[in-house]
Amino acid sequence: MARRPLPRILSSGSAQIARSREIARTAADSATDVLHPLITVSRGLRKLAATARAKWAATPKERRGPTLLLVAACVLVVALMPYGPLLALVLLMAVAAWLGRERPVVKTGPDDTEIARLKGLYEALVPYFSVPEDPAPLFAHGGEWSSAFGEYAFDEDGRPTRLKIAYPPYFTDGEPAARARIEQLLHAKSGRGREYRFDWDEEGNRLVMSVLPALPTTIAAQRFVTVPGETVLGFTDADAVQRTVPVVSADGTEDAPAVVWRTGPRSTEPHLLAVGQPGSGTTSLLRSIALQALPHGDVLIVEGGGTGEYACLTGRAGVLAVECGLSGALATLEWAAHETERRLIAANRARQAGQPAPEDTRRPLWILLDRPSVLGHLAAADGRPDPQELLQVPLRHGRTAQVTVVVAEQFDSTETLSEAVRTHTRARIVLGPAAPEQIAAVLGARPHTTPTPEVPAGRGYARLGAGPVLRLQVPATPDPYDDATSEAHRQAVLDLLPERRAITAPAAPAHPPVVTVKPPAPVTSQDTVTVKTPAPVTTQDTVTVKTPAPAVITSQDTVTISASAVETVPASAPEPAPAPRAEPDSGPAPFHTPVPAEG
């Protein structure tokens, strides 16, 4: 059966209705725009009339007559004034327009989505904040959430950004495990990927959860405003420290709250330990510390990884050595131990003589050791002592001798750290993503925030001695020789590097010194050879003896050298600190002869 077409009026009626509705809606919007001032004034006049009616109803009957008389007198005065009625009308319209303006709607409570989230949090806390013996529990299944949650705030996505919780007094808020369970629950229910801070008020039985903003990563390496003996480790929250430092960031100049580490004879945390995952920024932290220490002290760098991350510091003024091989590291750390002893002895002699300590003992010496576990493994395979054993003297007596030790290690090698390093490094830093248990194992206390699984390089936590655990963002100090470094950061690091030391070779003597021995007869094993020298001969001079005939001199023979026929070769100047080597070698010579320790 063929389908018959609909009548034209039925097929086109819906389109005409829709078009009519669109025309009517457009006309209404245009009329609203044109008549908006009149609508505003009308709304204001209506509010004025309602206010006058309310005032008249609240006026007692015995006072209504005088009130009417006063109003009539005012109207008469306005009517008799020049331009009085016109001014009164303009004033009335202005007041009506002000009262009739559209005001934004003020939100007075949570919406349905936020109420549902608060109820979910309340129900999730019931097993932890209630016991069967409580006759009037604050937390109960199906209870009222408003009695437990005093303050709350949400973001644009409906997730809570601040929540104040009242919990019963019998909750064991003094136990870290009980606190950790509550914090983990709130973190999971409020939304992951953000960093929360939990402030426990044990006296008032209150818990405040708040979302922390991310620390800025726009601060690069620069010359910070500090005094000698102060090092800026990084930056933290504004309410966590009392000191700010003026810095230049990508957003301009600002005062940033800084974590300042104080070293020296009066420091309670003279040495530092930094632990992190690969790529977390521990090497950048050591570079930042080295750049801040060079203007006021000397720096020794031992790199266990051997990746050349500190090549930009090689040969710079104040950098005594940059070692990446086992032999060089052992020789350098052995010299550092002898230097610490020498400083102690010199300072002790000066104090006994009633004089100030020598200048060379007051100049700070920094020992930066990156990844000592790699060097310890190589030393064990080669049958040589662990380099960490040579750090015992600088760690124990470094505060008195102005020697500071900074050690950086990764989480998977923390068990290889020596007991001296664990005991004497009271300033601790954890960088990169880490579990709360790992952070507590290094810092000695759990952080008050929940660490996020993904953080930028240089982000972590710091604790100086027995102080609080602080969030930390290390200033960006990348390797300027790395191709992946941005031009701004590369130039910032290069501007802080000291000038390179001038390396000059010793001049060759005009006549090679030769010691000539002229015996009256061929020298035998029983003869005595006398050599005359014009200057005393030391252990560093070279003496060459020439005889007209071959002679055999054994260890039992006696050779007497007199002072008229010997010319000496002066010892050459000490070579500068060696550059990092890719493979182990014999290591650099000591920077000076160490002074033996006194009994």
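Count residues from 1 along the sequence.
Between the Arg243 side chain and the Ala258 main chain, no donor and acceptor come within less than 3.5 Å of each other. Within the 3.5 Å criterion, the main-chain N or O of Ala435 finds a donor-acceptor partner in the side chain of Gln438. Asp201 places no side-chain N or O within donor-acceptor distance of the main-chain N or O of Asn205, the cut-off being under 3.5 Å. Proximity of a side-chain donor or acceptor of Glu409 to a complementary backbone N or O of Ser373 within less than 3.5 Å is detected. Within the 3.5 Å criterion, the main-chain N or O of Lys47 finds no donor-acceptor partner in the side chain of Arg43. At least one donor-acceptor pair under 3.5 Å links the side chain of Glu123 to the backbone N or O of Gly142.
The shortest distance between side-chain heavy atoms of Leu472 and Val430 does not fall below 4.5 Å. Looking at heavy atoms from C-beta onward, Phe154 lies out of side-chain contact with Thr161 at the 4.5 angstrom threshold. You'll find the side chain of Thr40 stays beyond 4.5 Å of the side chain of Trp98, heavy atoms only. Using a 4.5 Å heavy-atom threshold, the side chains of Glu303 and Tyr310 count as touching.
For Tyr461, there are no ring pair (Phe, Tyr, Trp, His ring centres under 6.0 Å) partners two or more places apart in sequence or in a different chain. Not counting sequence neighbours, Asp112 has no partner by the salt bridge (Lys or Arg N to Asp or Glu O under 4.0 Å) test. Listed by chain and number, the residues in a salt bridge (Lys or Arg N to Asp or Glu O under 4.0 Å) with Arg64 amount to none (sequence neighbours excluded). Evaluation of the ring pair (Phe, Tyr, Trp, His ring centres under 6.0 Å) rule for His187 yields Tyr196 as partners, not counting sequence neighbours.
Among residues at least two apart or in separate chains, there is no salt bridge (Lys or Arg N to Asp or Glu O under 4.0 Å) pair with a member in residues 204-216.
Atom CD in Glu114 sits 9.0 Å away from atom CG in Asp155 (nearest 0.5 Å). In this structure, the separation between CD1 on Ile165 and CG on Leu121 is 7.0 Å, given to the nearest 0.5 Å. To the nearest 0.5 angstrom, Gln292 atom CD is 13.5 Å from Arg287 atom CZ.
Salt bridge absent: Glu419 and Arg422 never bring a charged side-chain N and a carboxylate O closer than 4.0 Å. Between Glu269 and Arg428 there is no salt bridge, since no side-chain N of the basic residue sits under 4.0 Å from a carboxylate O of the acidic one.
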In a table with atom names and distances, give each donor-acceptor pair under 3.5 Å that connects a side chain of residues 210-221 to protein atoms at least two apart or in another chain.
none

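Ring geometry for Phe129 versus Tyr167: interplanar angle under 30°, hence parallel rather than tilted (30 to 60°).
In this structure, Phe171 has its ring center at least 6.0 angstrom away from the ring center of Tyr128.
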